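Reviewing the structure listed below.
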Amino acid sequence: LRAMKIGVYGGSFNPPHLGHVRAAQACKQALGLDRVLVIPASIPPHKQLTSSSASPEERLALTRLAFENLPGFEVLDLEIRREGKSYTVDTIRELKAQYAHDELFLMMGTDMFLSFQDWYSPQEIARCAQLVCFSRYDADAENRAALQKQADTLEKLYGQRPVLLTNDCFDISSTEARRLLVFGIAEPYLPQAVLRRIEDRALQCWRISGKTASTGWGGITGHSRLTS
């Protein structure tokens with residue numbers, strides 16, 4: 001049997017938005033991936049989620065809605081089920097054991113890519129999976145030289161040349177999506193099923209359209225534009 005090319009796309013997805021979906025679709029097409037495994041983190045090691053954030057189970061449910069009915073995409077709960085922080089190396093180990101004869105492609109946005117050597121066990125990750133960074137033509141234009149320099153650095157450190165992709169995905173972050181939700185103007189940036197669930201759940205915890213709100217999405221900073 002031919003070895004499959006499997007994309008691995010992690011993040012907090014807090015909430016999942018069309019930037020996530022379009023970037024993943026573009027990456028799948030550009031690399032000719034057979035499957036993309038979308039994996040919401042339970043406890044992201046690189047950021048602090050506030051106590052008012054949506055629960056891991058709620059983010060998982062929203063992410064499943066965001067990617068439902070997309071051929072070749074599957075949302076997994078393996079990091080939600082795992083105790084402790086969601087280190088990528090643990091996920092890659094588990095997937096490598098499951099797909100021993102296939103190729104893994106670890107997909108990430110620019111912020112995560114530029115800090116990759118600061119991750120936990122980056123050498124093992126690079127040994128088990130091809131690194132892929134997707135950036136946007138306009139929004140990340142100023143980082144183009146930095147991305148090339150980082151690719152050179154990672155190749156020297158780990159003996160693997162990362163793949164750099166560019167696309168015209170939505171210029172939206174999860175932080176920005178949460179702000180738009182509060183004012184009731186997030187519709188152009190979220191999958192319809194995701195927006196419907198957030199609005200239904202919001203009846204329990206906050207009111208949209210600029211009214212006083214205690215949102216389950218507020219107070220988080222430091223997200224990568226496309227991997228948050």
Side-chain angles (χ1 to χ4, degrees), residues 7-30 33-42 44 47 49-50 52-80 107-109 134-140 165-221 223-228:
V8 180
Y9 188 22
S12 53
F13 298 105
N14 190 40
H17 51 70
L18 286 174
H20 293 129
V21 176
R22 301 288 172 80
Q25 288 178 306
C27 192
K28 181 178 184 293
Q29 181 177 8
L33 301 178
D34 297 291
R35 302 174 63 191
V36 176
L37 307 178
V38 184
I39 307 175
S42 177
K47 66 186 69 171
L49 298 183
T50 67
S52 63
S53 295
S55 69
E57 292 76 17
E58 183 63 33
R59 290 186 286 105
L60 174 66
L62 290 169
T63 305
R64 283 177 168 156
L65 289 174
F67 288 91
E68 68 178 352
N69 302 322
L70 293 181
F73 284 85
E74 181 181 359
V75 177
L76 303 183
D77 65 352
L78 79 170
E79 290 191 354
I80 301 296
M107 302 154 54
M108 67 191 79
F134 40 75
S135 60
R136 294 139 307 164
Y137 288 118
D138 297 329
D140 292 316
L165 300 176
T166 55
N167 55 60
D168 276 326
C169 294
F170 272 68
D171 184 16
I172 181 73
S173 69
S174 289
T175 303
E176 292 161 340
R178 291 192 300 273
R179 293 183 184 129
L180 295 175
L181 278 166
V182 173
F183 294 100
I185 54 176
E187 184 174 359
Y189 303 98
L190 298 180
Q192 285 302 306
V194 171
L195 182 61
R196 284 196 301 270
R197 182 178 175 94
I198 289 176
E199 289 178 337
D200 290 344
R201 295 290 172 130
L203 296 175
Q204 305 297 323
C205 61
W206 88 81
R207 287 176 291 176
I208 297 177
S209 300
K211 299 179 182 179
T212 302
S214 175
T215 87
W217 307 108
I220 304 172
T221 60
H223 285 277
S224 165
R225 289 285 178 104
L226 288 176
T227 59
S228 54

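Please read all numbers here as calculations on a predicted model, not as lab measurements.
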Quiz item: For the atom pair CG (Leu181) and CG (Leu195), what is the distance rounded to the nearest 0.5 Å?
Solution: 6.5 Å

Quiz item: Under 4.5 Å between any side-chain heavy atoms of Tyr189 and Leu18, yes or no?
Solution: no

Quiz item: Is the shortest heavy-atom distance from the side chain of Val38 to the side chain of Glu74 under 4.5 Å?
Solution: no

Quiz item: What's the spacing between Thr63 OG1 and Leu76 CG if we round to 0.5 Å?
Solution: 11.0 Å

Quiz item: For Pro16 and Pro191, which heavy atoms make the closest approach, and how far apart are they?
Solution: O-CD, 4.0 Å

Quiz item: Of all heavy-atom pairs between Pro40 and Leu60, which one has the smallest distance, and what is that distance?
Solution: CG-CD1, 4.0 Å

Quiz prompt | More than 12 heavy atoms of other groups within 6.0 Å of Glu68 CD | solution = yes

Quiz item: Taking side chain as C-beta onward, heavy atoms only, is Arg59 less than 4.5 Å from Pro15?
Solution: no

Practice problem: State, yes or no, whether a side-chain contact exists between Leu190 and Leu180 at a heavy-atom distance under 4.5 Å. | Solution: no

Quiz prompt | Any side-chain heavy-atom pair of Ser174 and His20 under 4.5 Å | solution = yes

Quiz item: Quick one: does Phe73's side chain get under 4.5 Å of Lys28's, heavy atoms only?
Solution: yes

Quiz prompt | More than 12 heavy atoms of other groups within 6.0 Å of Gln29 CD | solution = no

Exercise. Dump the intermediate steps for side-chain contact (heavy atoms from CB on, under 4.5 Å) on Leu65 and Gln192, then the final yes or no.
Key: CA-CA 9 Å; Leu65 289 174; Gln192 285 302 306; over 6 Å; no

Quiz item: Would a 4.5 Å heavy-atom cut-off, applied to side chains only, mark Ser135 and Leu165 as touching?
Solution: no

Quiz item: Which class fits the ring pair Tyr9 and Phe13: parallel under 30°, tilted 30 to 60°, perpendicular over 60°?
Solution: perpendicular

Self-check item: Leu70 side chain near Gln25 side chain, heavy-atom distance below 4.5 Å
Solution: yes

Exercise. Mind running side-chain contact (heavy atoms from CB on, under 4.5 Å) on Glu176 and His17 for me, showing each step along the way?
Key: CA-CA 10 Å; Glu176 292 161 340; His17 51 70; over 6 Å; no

Practice problem: Output the distance between atom CD (Glu79) and atom OG (Ser12), rounded to the nearest 0.5 Å. | Solution: 10.5 Å

Practice problem: Report the distance from atom CE of Met107 to atom SG of Cys27, rounding to the nearest 0.5 Å. | Solution: 4.0 Å

